[in-house]
Amino acid sequence: MKKNIIIGNWKMNPLTLKEAEKLFSGVAKGISGIQKTEIVICPPFLYLEKLKKLSKKINLGAQDAFWGETGAFTGEVSGEMLYEIGARYVILGHSERRATGESNSDINKKIKSSLVAGLRPILCVGESVRDESHGYFNLVKMQLEECLAGIQRGSVSKIIIAYEPVWAISSTPNRQDASADDSREMSIFIRKILSDKFGKESSRTRILYGGSVNEKDASEFLENGGVEGLLVGRASLDAKKFGEIVKICEVLSK
Ligand code: PEP
């Protein structure tokens, strides 16, 4: 059975290891008793190893991983290195990285090498704007096709797809709220693309929604958004709010 999953993306926060440990311990405390929901925290790289020691229940993920195992790639961190220090998930193709020039073909290489390293990729897709002629569906389709090119059928269940409409993310200037209907419509579309490409193996691939989710609207997205979990940015920096989102997911899990 696929467990629903709540993933916290801390982005480049907090500033110190001490604060990171405090936040992480707060999350760990708030989720005791949770059994049906998988929980992943994606902190900055340099906190991973220390946080790993603080909880067995929380899985750790990175926010990027370079392709390749070792080599002359100044400034990069590979999936193997991340696995070695305890990460089991990795966010790939986040819009904030795409904005710095990361292409679908870069993301494709990173997905392949992360899988080889034993990490579960969380592939972010989503449009920056919605146009009246619905061209954003084609954009998401292209992101999926190019990022997942050459992935084996047997690996697709290890990949998580996070639909994150960029216009709804908390850091987007003049952001707008996405609705559970927006999420459900795109989730059905993504599921169809996966099924056409990978067949029934893809039915185990989890699709998530992300974009300013908080403790007030999490139940709406989980109940009506057609998703098996949430990718949470800003609200994951507040242990109490994040814990509430996890508990909502737990109650709604069958
Ligand atoms: C994100 O950027 O992955 C995200 C979900 O952020 P937020 O919840 O802050 O919109």
Side-chain angles (χ1 to χ4, degrees), residues 4-15 20 23 27 37-45 47 58-65 87 89-102 107 110-111 114 119-130 136 139-140 143-144 147 159-180 182-184 186-187 190 206-222 225-249:
N4 283 355
I5 185 165
I6 304 292
I7 302 174
N9 175 11
W10 285 5
K11 309 193 181 185
M12 199 171 71
N13 298 293
L15 184 62
L23 174 57
V27 172
T37 305
E38 206 170 332
I39 302 153
V40 182
I41 294 287
C42 302
F45 287 139
Y47 301 148
I58 302 175
N59 292 292
L60 285 169
Q63 298 170 18
D64 184 37
Y89 290 81
V90 58
I91 296 173
L92 293 172
H94 191 280
S95 55
E96 287 155 14
R97 294 199 58 81
R98 290 179 188 264
T100 67
E102 192 167 84
I107 298 162
K110 290 180 175 186
I111 292 177
S114 294
L119 299 174
R120 290 175 179 261
I122 303 154
L123 168 62
C124 299
V125 295
E127 75 283 3
S128 301
V129 286
R130 285 206 157 187
Y136 55 90
L139 182 119
V140 170
Q143 288 177 334
L144 286 167
C147 292
I159 298 174
I160 294 170
I161 309 292
Y163 171 54
E164 297 211 302
V166 183
W167 48 272
I169 288 181
S170 66
S171 56
T172 301
N174 305 318
R175 63 160 297 281
Q176 291 189 305
D177 281 337
S179 66
D182 295 327
S183 165
R184 192 176 60 249
M186 191 57 85
S187 155
I190 292 172
R206 286 173 290 191
I207 301 176
L208 316 185
Y209 171 77
S212 301
V213 175
N214 57 48
E215 71 290 3
K216 296 192 184 82
D217 59 14
S219 63
E220 171 65 2
F221 280 106
L222 289 166
V227 290
E228 287 99 21
L230 302 167
L231 179 52
V232 184
R234 189 167 287 177
S236 71
L237 295 172
D238 180 320
K240 189 161 172 281
K241 287 184 184 170
F242 188 73
E244 280 176 40
I245 295 171
V246 172
K247 280 180 201 144
I248 290 165
C249 184

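None of these values were measured; they are calculated from a predicted model. In each ligand, atom 1 is the first atom listed, and ligand 1 is the first ligand listed.
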### Task
Let me know which of Arg130, Glu127, Met186, Arg175 forms a side chain to side chain contact (heavy atoms under 4.5 Å, CB included) with Pro165.
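That would be Glu127.
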### Query
Only one of Asp64, Asn9, Ile122, Ile107 forms a side chain to side chain contact (heavy atoms under 4.5 Å, CB included) with His94, so which one is it?
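Considering Asp64, Asn9, Ile122, Ile107, a side chain to side chain contact (heavy atoms under 4.5 Å, CB included) with His94 is found only for Asn9.
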Ligand-side contact atoms (ligand 1) for residue partner [X], heavy atom cut-off under 4.0 Å:
X	result
Leu231	5 (C)
Gly233	4 (C), 5 (C), 6 (O), 7 (P), 8 (O), 9 (O)
Gly211	5 (C), 10 (O)

Quick check: does any side chain N or O of [X] sit under 3.5 Å from a backbone N or O of [Y], one acting as donor and the other as acceptor?
X	Y	result
Thr172	Val166	yes
Ser236	Gly8	no
Ser187	Gly226	yes
Ser212	Ser170	yes

#### Entry: Check: Ser171 N/O within less than 3.5 Å of ligand 1 N/O
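No.
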### Query
Are any of the side-chain nitrogens in Glu164 or Arg98 under 4.0 Å away from the carboxylate oxygens of its partner?
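Between Arg98 and Glu164 there is no salt bridge, as every charged N stays at least 4.0 Å from the carboxylate O atoms.
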Look at [atom] and say which protein heavy atom is nearest, naming residue and atom and giving the distance to 0.1 Å.
atom	answer
atom 5 (C) of ligand 1	Glu164 OE2, 3.0 Å
atom 9 (O) of ligand 1	Ser170 OG, 2.5 Å
atom 1 (C) of ligand 1	His94 NE2, 3.2 Å

### Query
Can you tell which part of Ile169 has a heavy atom less than 4.0 Å from ligand 1: side chain, backbone, both or neither?
both
### Query
Counting heavy atoms only, which of Lys11, Glu96, Gln63, Arg234 is nearest atom 2 (O) of ligand 1?
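Nearest heavy atom to atom 2 (O) of ligand 1 lies in Lys11.
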### Query
Does Arg175 have a non-hydrogen atom less than 4.0 Å from ligand 1?
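Arg175 does not count as a contact of ligand 1 under the 4.0 Å cut-off.
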